[in-house]
Every structure is written in structure tokens, then in C-alpha cells.
Amino acid sequence: MQWESVIGLEVHVSLSTESKLFSGSASSFGAEPNTQANIFDLALPGTLPVFNEKALEMAVRFGLAIGAEIGHRSVFDRKNYFYPDLPKGYQVTQLDFPTVGRGALSIILNDGSEKVIGVTRAHIEENAGKSLHEEFSGQSGIDLNRAGEPLLEIVSEPEIKNAEEAVAYLKKLHSIIRYLDISDAIMAQGSMRCDVNVSIRKKGDTALGTRTEIKNINSFRFVEKAINSEIIRQQEIIEDGGAITQETRRYDANKDITTSMRSKEVANDYRYFPEPDLLPVVINDSYIASIKEDLPELPDAKKRRFTLEYGLSNYDADVLTATRELAEYFEKVVEGCSDAKLASNWVTGDLLAL
């Protein structure tokens, strides 16, 4: 029997603001545990949130970069659940009225073909803290430095067919985020991490199968391996006469398998309701236009310019525009030697080899 997979990605990006989403605590990586948490982050009685406008600006920048709808009115909600490292017992997020609505990303596959992947939404929310298990025998430590850190959650449409497309989408997303300078997007530090939703169905069917969610994957390679592993697991279960359970799973890189964490929650489990301590966020066209004017040249536009202005091949232009820093360095080399092809050969060859 032939199967096809249907994949959707939820990508969490830590925004590079100097302070947290609703408090004045610093928001930087690597500080000593619990040194970046104030009375609001600890959820002490009587504390009230104050929205960080820089996070709003960064979200709008991202939305404009992918041609998305920008919500002129967005609303924060409380998402209620229990984590030991979530002091308030709820997470402030956006449900029905996110800042960024529908957009799209174009990806190039290994065979040179292009595919457009829809982005359902990108909403602003606060991070939870971090539970530490490895360093404590029979106990857990709680570090609240991340509690209240601003996140942008980017949700794709279920239009990804395989691991190759998923990795291409993630790499394109990573490149845009770095060009916009809204996050360092270092996956190993958790600045960008991915939840993967996977289901399979008989080839040619239109109805979606039961999906599972694989949580918190922090590298392109592990996303690829986790997807392939989960597809094989689901195929074997169905072909043996079993049924897929909707659940949340984790990927074990050492064993190259996914393992069950918990049954999958649905929206009703979280008992969402509008955050009573925050007013709706209202922005106008002039605010959006001012951010749009300040957008940098993005990877696709820069790649087109490099091929037209410098006569580079698509391959060379693709390598040189992979990061904003490399593209800017290449152009400085061109200024110095007045020979774009020579500069390209040196940067993509000798320099990158070193």
C-alpha cells in the first residue's frame, strides 16, 4: 500500500528584545539561574503586565516579510495549563486575533523545483521557565529566567509532504528571521525550536489522518530524522491493523525513535479566555507603513539582484545570500576588487573552506 504524509510545523522564535514581554526583566541567554525574574515573572499577587511594544514591531516586521495579513486589532488571551515552571498557571498568548495572519513562504527543493507553503498565523506569546533534571538526583530544578520571554509562534498550513520540504521551509524561515534581525535563531540555545505535526493517509485520499505532535526539536537534522521515524512508525501501526492515537511525542535522537509524552490536548482543555489585564492592541496603517519602509532587502530579492547585477549563477547567489552577514561581506569584497565573479569564487571557495 502506498502512503503519503501530511506535515505542519509550529516554530517558536525567541524575539531579541532587551526586556521580557510584559515585565522589565532582562531577556538574554546564559545568565545565572533565576537572576532575570522580577515580581511579575514570579506571579506575585497584585502585579500587572505592561506590553513590550518592541515585540509588536518585530512581529509586524516578520508578517510584512512573508506578505502576511497584519491584524489592526489583536487580543491577548490566557491559556490555562500547569507546568512547574509556569508560575502564573497560565500562558499569555493570542488565540482568535493574532498580530500576523495568513502569509506564505516559497522554498526551493533539491530538484530545483519551487513550492509555496502557506503560513496560517504568527502570534505573540510569553515563554515558560525551564525545568532542569540532569543536575539533580531525584529532584528537579526550576530556572525562571525564560519565564515571560517574548516568543513569536509561526504556524504553517499542513501543506508539507515530507522531511525534505520541512527542512527547506525551516531553513528559509531561519534565513528571513536572521535578515530581519528579530532573533538570533540559534536552535541549539532554544532561540528557535520546532513542534512537528505528522499524519499519514492512503495516497490519493483527501481526508486527513490522525496526527501526532513531536515537541521541541532543536536542529534541522533532528527535524528530518524525527519526521522520517514517525512516518515509519505510523505506517507500521496501520498496516498491522492498529490505529494512530492523537498524542504529543518526543524525539529520542540516540535511538532514532519518537516516544509518547502525553495525550494531545485540544483547545477546550486550555480554557482560553481574554486576558483581563491587557487591552486589545490597535495599530493603524501608518504604523505598519513605517515598519515596512525600514525592512531590509530580503533573501529572495537579494538573490535576484545578485544574479542580475553581478551575473552570478543561481547556485552562487543562493550560497552568498544564505545569511545577511555573508551577503554584505561579499558586496564589500566586490567593492574592493571590482570583479564580482572573482569575489564570488573567493568567498564561496577559499573563505568558506577556512
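We use all heavy atoms of the structure for the numbers below, so side chains are in, but hydrogens, waters and symmetry mates are not.
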Task: Any donor-acceptor N/O pair, Gln36 side chain to Ser25 backbone, under 3.5 Å - done: no
Task: Common cluster, Ile107/Val167, ILVMFWY with side-chain heavy-atom separation under 4.5 Å - done: yes
TODO: List the steps, then state whether side-chain contact (heavy atoms from CB on, under 4.5 Å) holds for Leu173 with Val13.
DONE: CA-CA 10 Å; Leu173 202 58; Val13 177; 5.7 Å; no
TODO: For Asp256 and Ser229, test the side chains for any donor-to-acceptor distance below 3.5 angstrom and give the result as yes or no.
DONE: no
Task: Separation between CD1 of Ile257 and CD1 of Ile232, rounded to the nearest 0.5 Å - done: 12.5 Å
- [ ] For side chain to side chain donor-acceptor pair (under 3.5 Å), just list the numbers for Trp3 and Gln234, CA-CA rounded to whole Å, side-chain angles, deciding distance to a tenth of an Å, and then say yes or no.
- [x] CA-CA 10 Å; Trp3 301 93; Gln234 292 191 18; over 6 Å; no
- [ ] Determine, stepwise, if the pair Asn80 / Arg271 fulfils side chain to side chain donor-acceptor pair (under 3.5 Å).
- [x] CA-CA 6 Å; Asn80 294 273; Arg271 294 174 177 81; over 6 Å; no
Open item on the list: If I take atom NZ from residue Lys79 and atom CG from residue Asp77, how far apart are they, to the nearest 0.5 angstrom?
Closed with: 11.0 Å
- [ ] Determine whether more than 12 heavy atoms belonging to other residues, nucleotides or ligands lie under 6.0 Å from atom NZ of Lys341.
- [x] yes
- [ ] Could you tell me whether Lys161 atom NZ has more than 12 heavy atoms of other residues or ligands within 6.0 Å of it?
- [x] yes
Open item on the list: Quick check on Ile237: does its CD1 atom have over 12 non-hydrogen neighbours (other residues, nucleotides or ligands) under 6.0 Å away?
Closed with: yes
Open item on the list: Would you say Leu9 ends up clustered with Ile154 if hydrophobic residues are merged whenever their side chains have heavy atoms under 4.5 Å apart, either directly or through other cluster members?
Closed with: yes
- [ ] Taking the side chain as every heavy atom from C-beta outward, state whether Tyr287 and Leu56 have any atom pair closer than 4.5 Å.
- [x] yes
- [ ] Go through the steps to decide whether Glu247 and Thr212 satisfy the test side chain to side chain donor-acceptor pair (under 3.5 Å), and finish with yes or no.
- [x] CA-CA 5 Å; Glu247 61 181 344; Thr212 59; over 6 Å; no
Task: Side chain to side chain, Thr99 and Val281, heavy atoms closer than 4.5 Å - done: no
Task: Electrostatic pair Glu159:Lys115 at N-O distance under 4.0 angstrom - done: no
TODO: Side-chain contact test, heavy atoms from C-beta onward, threshold under 4.5 Å: evaluate it for Leu180 versus Leu298 and give yes or no.
DONE: yes
Open item on the list: Using modelled atom types and a 3.5 Å cut-off, is there a donor and acceptor pairing between side-chain atoms of Glu126 and backbone atoms of Leu21?
Closed with: no
Open item on the list: Check this for me: Glu18, atom CD, are more than 12 non-hydrogen atoms of other residues, nucleotides or ligands nearer than 6.0 Å?
Closed with: no
Task: Check: His123 side chain, Thr93 main-chain N or O, donor-acceptor pair, under 3.5 Å - done: no
Open item on the list: Is it the case that atom CD in Glu32 sees more than 12 heavy atoms from other parts of the structure closer than 6.0 Å?
Closed with: no
Open item on the list: Could you measure the distance from the CG atom of Leu352 to the CG atom of Leu326? Nearest 0.5 Å is fine.
Closed with: 5.5 Å
Task: Side-chain (Asp252) to main-chain (Thr258) donor-acceptor, under 3.5 angstrom - done: no
Task: Short N-O contact, Arg146 and Asp85, less than 4.0 angstrom - done: no
TODO: Compare every heavy atom of Ser14 with every heavy atom of Glu149, then report the nearest pair and how far apart it is.
DONE: OE1-OG, 3.2 Å
Open item on the list: A quick test of your reading: do over 12 heavy atoms of other residues, nucleotides or ligands sit less than 6.0 Å from CZ of Phe136?
Closed with: yes
- [ ] Answer yes when Asp181 and Arg61 have at least one side-chain N-carboxylate O distance shorter than 4.0 Å, and no when they do not.
- [x] no
Task: Co-membership, hydrophobic cluster, residues Val319 and Ile176, 4.5 Å side-chain - done: no
- [ ] Measure the spacing between OH of Tyr179 and CG of Asp300 and express it to the nearest 0.5 Å.
- [x] 9.5 Å
Task: Note, Ser140 side chain near Pro84 side chain (heavy atom, < 4.5 Å) - done: no
- [ ] Kindly work out whether a path of hydrophobic side-chain contacts (I/L/V/M/F/W/Y, heavy atoms less than 4.5 Å apart) joins Val333 to Leu351.
- [x] yes
- [ ] Please work out which of the three classes, parallel, tilted or perpendicular, describes the rings of Phe76 and Phe51, given edges at 30° and 60°.
- [x] perpendicular
TODO: Rounded to the nearest 0.5 Å, what's the gap from CZ on Arg233 to CD1 on Ile200? Could you check?
DONE: 9.5 Å
Task: Electrostatic pair Glu57-Lys54, nearest N-O below 4.0 angstrom - done: yes
Task: side-chain contact (heavy atoms from CB on, under 4.5 Å) between Asp96 and Val75, worked out - done: CA-CA 8 Å; Asp96 294 322; Val75 176; over 6 Å; no
- [ ] Test His72 against Asp285 for side chain to side chain donor-acceptor pair (under 3.5 Å), laying out the working first.
- [x] CA-CA 8 Å; His72 286 75; Asp285 289 333; 2.7 Å; yes
Task: Within-4.5 Å side-chain heavy-atom neighbours: Tyr83 and Gln91 - done: no
Task: Hydrophobic cluster membership, Ile70 vs Leu152, 4.5 Å side-chain cutoff - done: yes
Task: Flag side-chain contact, heavy atom, 4.5 Å: Tyr251 against Thr259 - done: no
Task: Phe222 six-ring centre to Lys225 NZ/CZ under 6.0 Å and within 45° of normal - done: no
Open item on the list: For Lys215, I'd like to know if atom NZ has over 12 heavy atoms of other residues, nucleotides or ligands within 6.0 Å.
Closed with: yes
Task: Check: Asp318 and Lys303 side chains under 4.5 Å, non-hydrogen atoms - done: yes
TODO: Decide if atom CD of Gln189 counts as having more than 12 heavy atoms of other residues, nucleotides or ligands within a radius under 6.0 Å.
DONE: yes
Task: Side-chain heavy atoms of Glu153 within contact of Glu10, under 4.5 Å - done: yes
Open item on the list: Please determine whether a side-chain nitrogen of the Lys or Arg among Glu335 and Lys332 lies less than 4.0 Å from a carboxylate oxygen of the Asp or Glu.
Closed with: no
Task: Main-chain N/O of Glu164 paired with Asn162 side-chain donor or acceptor, under 3.5 Å - done: yes
Task: Nearest-0.5 Å distance, OG1 of residue Thr323 to OH of residue Tyr329 - done: 12.5 Å
